[in-house]
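Bear in mind that the values here come from a model prediction, so they are computed numbers and not experimental data.
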Amino acid sequence: MHDIASGHRVLIVGHPGVHGMELLGVRDMFEMASHPGGACGGPPAYEVEICSLDGTPSIWGGD
């Protein structure tokens, strides 16, 4: 488990058949929104993780 001093933890969950671009686009938006806090020397505003419903590591293929 990760501990972030201040900010929000975001978990993006991929479903069977999801395309990597669908997940990465959402992740990238949170990553960009995190930079103002991190750029000022503070902790990032968001900690983003991507996972799958069943724990499988390979969820990038899509249909």
Side-chain angles (χ1 to χ4, degrees):
M1 171 120 353
H2 298 283
D3 182 30
I4 52 178
S6 77
H8 304 281
R9 187 170 184 205
V10 177
L11 182 63
I12 302 169
V13 180
H15 55 83
V18 70
H19 293 271
M21 203 166 147
E22 296 170 313
L23 300 173
L24 295 178
V26 174
R27 187 216 51 195
D28 289 349
M29 292 184 70
F30 279 104
E31 291 289 334
M32 287 188 292
S34 269
H35 286 290
C40 297
Y46 300 98
E47 177 185 330
V48 183
E49 292 185 63
I50 299 176
C51 70
S52 63
L53 287 172
D54 61 2
T56 15
S58 180
I59 57 174
W60 306 107
D63 286 345

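- Rounded to the nearest 0.5 Å, atoms CZ (R27) and CD (E22) are 14.5 Å apart.
- Contact check for I12 versus C51: no side-chain heavy atoms found under the 4.5 Å cut-off.
- The shortest heavy-atom contact between A45 and A33 is CB-O, 4.1 Å.
- The main-chain N or O of Y46 is found under 3.5 Å from a side-chain atom of S34 such that the two form a donor-acceptor pair.
- Partner of I50 under the side chain to side chain contact (heavy atoms under 4.5 Å, CB included) criterion, chosen from L11, V10, L24, V13: L24.
- Side-chain contact check for R9 versus E49: some heavy-atom pair is nearer than 4.5 Å.
- Residue E31 comes nearest to V48 through the heavy atom pair OE2-CB, 3.8 Å, listed as atom of the first residue, atom of the second, then distance.
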